[in-house]
Every structure is written in structure tokens, then in C-alpha cells.
Q: 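Sharing a structure below in C-alpha cells format, with a few things to ask.
Bear in mind the structure is a predicted one, so any value in this text is a computation, not a measurement. Heavy-atom basis, side chains included; hydrogens, waters and symmetry copies ignored.
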Amino acid sequence: QLHFVELASAERPARAHARPGFVLRLAATRLPVLATPHVERQAALRAQDKQRLGVVRLILAAIKQVEVDERIEVDDTRISQILNKMLKQRRDSITQYSQAKRDDLVAQERLEEGIIQSYLPPPFSESDIDGLLSEVIAQLGATSVKDMGKVMAEMKEKLQGRADMALLSKKLKERLT
């Protein structure tokens, strides 16, 4: 488990232009999902990479919005859900922009999709999904489309946003009919 510690104001760097806020110190060597966008934002600022900086700011704003709306501190699992939601929005936008023949906007959305995807764990391969699907179907004894909800609930828990659920639903429907 990773813990964040807010540094006391005496431990903060004494800079005239420093704004009050959180200075995070990690209690473990692995960077959690939440710390990564903060580090990336600083790197993008230094490199003057405006496109990447904009996407990282969008990610941080979405995370902050959930924290404020739900009055919680988000963990890595919740951040993954937020990022998956953002990915889905980008994919929907790409589809709509492609149909409208707006290639400039498609390119922008693809760039954003790639940057957001970089914060998520790698998705499961098709063979991994097929193997897991077979295992869950056998475990639950699913034989008809009526059992689809139980299988999808179990798969959603096991995949944890690392696979396209629409594709999974399609594969499952093919197997159960």
C-alpha cells in the first residue's frame, strides 16, 4: 500500500513564487497512478510540450473533479475507472469525428487517447481474454444467454478495465448462443 504524506509548511521549499498546495512524498519506490500525472505535468512544462501538458491537465482535473464531487480520496482502482471513462469518451469522439470527416480532430483525439492509455496497465490480449472467458463460463456453468449477466459481472471484476467490455460482451454472446 502506498501512502502520501503532506509536508508541513516548514518543510516546503522557501520560494517567493511558490503557491500553497500539496507537496507529496511517496512512502514506497513505485509511483502510483496518482503521482505519475503530476510528474508528467512537470516534465511536459519543462519540455514545453503543449499537447501532452493539456492532456495531463485534463487527467488531473478529472481526478480532482471526482474527489470533490464524491468527497473521497481516489485510489489507483478509482483512477483507473476515471481513465477508462476518459478513453471511452475519446473513442466515441473519434468515431463521430471520422463520420464527419474531421481528420484534424480525429488526430487530436487519437493523441489524447494514446497519452491517457499510457497511464493504464497494458490491456489483456485476445487469447488471455478467451482463456479467462472459458474459465469463468465453466466455473459458473453458464449455458444460455440468461447467464450472461453473471458471467459479465465476474469478468468485469477479473479484467478491471483492462479490456473492451463491448468486445467481451460480443464474444460472450457468440459462445452462449
Side-chain angles (χ1 to χ4, degrees), residues 1-7 19 21-70 72-133 152 154-172:
Q1 184 69 23
L2 298 171
H3 300 283
F4 293 104
V5 179
E6 183 182 358
L7 298 177
R19 289 183 288 159
F22 291 104
V23 177
L24 300 176
R25 180 173 47 198
L26 299 177
T29 57
R30 182 182 76 84
L31 279 179
V33 176
L34 183 59
T36 308
H38 290 287
V39 173
E40 287 285 328
R41 181 181 58 195
Q42 295 302 321
L45 275 168
R46 287 187 186 106
Q48 296 181 353
D49 185 354
K50 291 181 181 181
Q51 290 179 324
R52 185 168 193 83
L53 179 62
V55 176
V56 172
R57 284 181 173 161
L58 282 173
I59 291 169
L60 291 170
I63 292 169
K64 190 66 170 176
Q65 183 70 40
V66 169
E67 287 180 335
V68 169
D69 288 350
E70 298 178 12
I72 60 169
E73 280 192 40
V74 295
D75 58 352
D76 283 357
T77 305
R78 185 68 172 109
I79 290 173
S80 293
Q81 291 171 349
I82 294 167
L83 293 176
N84 279 318
K85 181 179 176 184
M86 292 177 76
L87 272 178
K88 187 172 190 269
Q89 290 170 343
R90 298 306 176 282
R91 289 178 181 143
D92 290 345
S93 296
I94 288 170
T95 304
Q96 291 175 2
Y97 291 148
S98 295
Q99 291 171 353
K101 305 220 186 313
R102 292 293 311 265
D103 295 334
D104 55 330
L105 295 175
V106 169
Q108 176 64 28
E109 293 294 323
R110 286 195 194 282
L111 173 78
E112 290 179 11
E113 179 185 30
I115 293 171
I116 294 168
Q117 186 71 45
S118 70
Y119 292 105
L120 292 169
F124 281 108
S125 67
E126 293 236 1
S127 60
D128 291 340
I129 293 171
D130 288 337
L132 195 58
L133 189 58
M152 285 297 288
E154 185 71 24
M155 288 296 291
K156 187 173 184 180
E157 183 180 314
K158 289 187 180 212
L159 294 175
Q160 296 179 350
R162 292 178 58 192
D164 183 8
M165 296 309 280
L167 178 66
L168 177 67
S169 176
K170 183 180 172 187
K171 285 184 176 212
L172 180 59

Q: Can you tell me how far apart CD1 (Ile59) and CD1 (Ile82) are? Round to the nearest 0.5 Å.
A: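 Answer for the CD1-CD1 pair, Ile59 versus Ile82, is 10.5 Å.
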Q: For Asp128, which residues count as a salt bridge (Lys or Arg N to Asp or Glu O under 4.0 Å) partner, sequence neighbours excluded?
A: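 Scan of Asp128 (salt bridge (Lys or Arg N to Asp or Glu O under 4.0 Å), adjacent residues dropped) gives none.
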Q: When the side chains of residues 106-115 are checked against the rest of the protein, which donor-acceptor pairs come out under 3.5 Å, sequence neighbours left out?
A:
residue : atom : partner : partner atom : Å
Gln108  : NE2  : Glu112  : OE2          : 3.0
Glu112  : OE1  : Arg90   : NE           : 2.6
Glu113  : OE2  : Arg91   : NE           : 2.9

Q: Kindly give the heavy-atom pair with the smallest separation between Pro123 and Gln117, and that separation in Å.
A: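 For Pro123 versus Gln117, the nearest heavy atoms are CD-NE2, 4.1 Å.
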Q: Suppose we screen for side-chain contact (heavy atoms from CB on, under 4.5 Å). Which residues come up paired with Ser169, at least two apart in sequence or across chains?
A: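 If we apply the side-chain contact (heavy atoms from CB on, under 4.5 Å) test to Ser169, skipping adjacent residues, the hits are Met148, Met152.
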Q: Restricting to salt bridge (Lys or Arg N to Asp or Glu O under 4.0 Å), what partner residues turn up for Glu157, sequence neighbours left out?
A: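 Here no residue qualifies.
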Q: Identify, with sequence neighbours excluded, every residue that meets side chain to side chain donor-acceptor pair (under 3.5 Å) alongside Gln96.
A: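 For Gln96, no residue satisfies side chain to side chain donor-acceptor pair (under 3.5 Å) once neighbours in sequence are set aside.
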Q: Restricting to non-hydrogen atoms, name the atom on Met86 and the atom on Ala62 that form the minimum distance, rounded to 0.1 Å.
A: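 Scanning both residues completely, I find the closest heavy atoms to be SD-CB, 3.9 Å.
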Q: Donor-acceptor pairs under 3.5 Å, side chain of residues 48-56 to any protein atom, not counting sequence neighbours: which ones?
A:
residue : atom : partner : partner atom : Å
Asp49   : OD1  : Arg52   : N            : 3.4
Arg52   : NE   : Glu40   : OE1          : 3.0
Arg52   : NH2  : Glu40   : OE1          : 3.1

Q: Who pairs with Asp104 by side chain to side chain donor-acceptor pair (under 3.5 Å), at least two apart in sequence or on another chain?
A: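 Side chain to side chain donor-acceptor pair (under 3.5 Å) list for Asp104, sorted by chain: Arg102.
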Q: Check the pair Leu45 / Gln42 against side-chain contact (heavy atoms from CB on, under 4.5 Å), numbers first and verdict last.
A: CA-CA 5 Å; Leu45 275 168; Gln42 295 302 321; 4.3 Å; yes
Q: Report the residues that fulfil side chain to side chain donor-acceptor pair (under 3.5 Å) with Lys171, sequence neighbours left out, ordered by chain and then residue number.
A: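 With neighbours one apart ignored, the set is Glu126, Asp130.
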Q: Measuring only between side-chain heavy atoms, which start at C-beta, is Leu167 closer than 4.5 Å to Ile129?
A: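 Answer no - side chains too far apart.
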Q: How many angstroms lie between CD1 in Ile63 and CD1 in Ile79, if you round to the nearest 0.5 Å?
A: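 If I round to the nearest 0.5 Å, the distance is 4.5 Å.
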Q: In chain order, what residues pass the side chain to side chain donor-acceptor pair (under 3.5 Å) check against Ser127, with sequence neighbours excluded?
A: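 For Ser127, the residues satisfying side chain to side chain donor-acceptor pair (under 3.5 Å) (neighbours in sequence not counted) are Ser125.
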Q: Run the salt bridge (Lys or Arg N to Asp or Glu O under 4.0 Å) test against Lys85 and tell me which residues pass, sequence neighbours left out.
A: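 Result, salt bridge (Lys or Arg N to Asp or Glu O under 4.0 Å) vs Lys85: none returned.
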Q: Excluding sequence neighbours, so at least two apart, what forms side-chain contact (heavy atoms from CB on, under 4.5 Å) with Lys158?
A: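 By the side-chain contact (heavy atoms from CB on, under 4.5 Å) rule, Lys158 matches Leu132, Glu135, Val136, Gln139, Glu154.
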Q: Rounded to the nearest 0.5 Å, what separation is found between the CG atom of Leu120 and the CG atom of Asp76?
A: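 So the gap between those two atoms works out to 11.0 Å.
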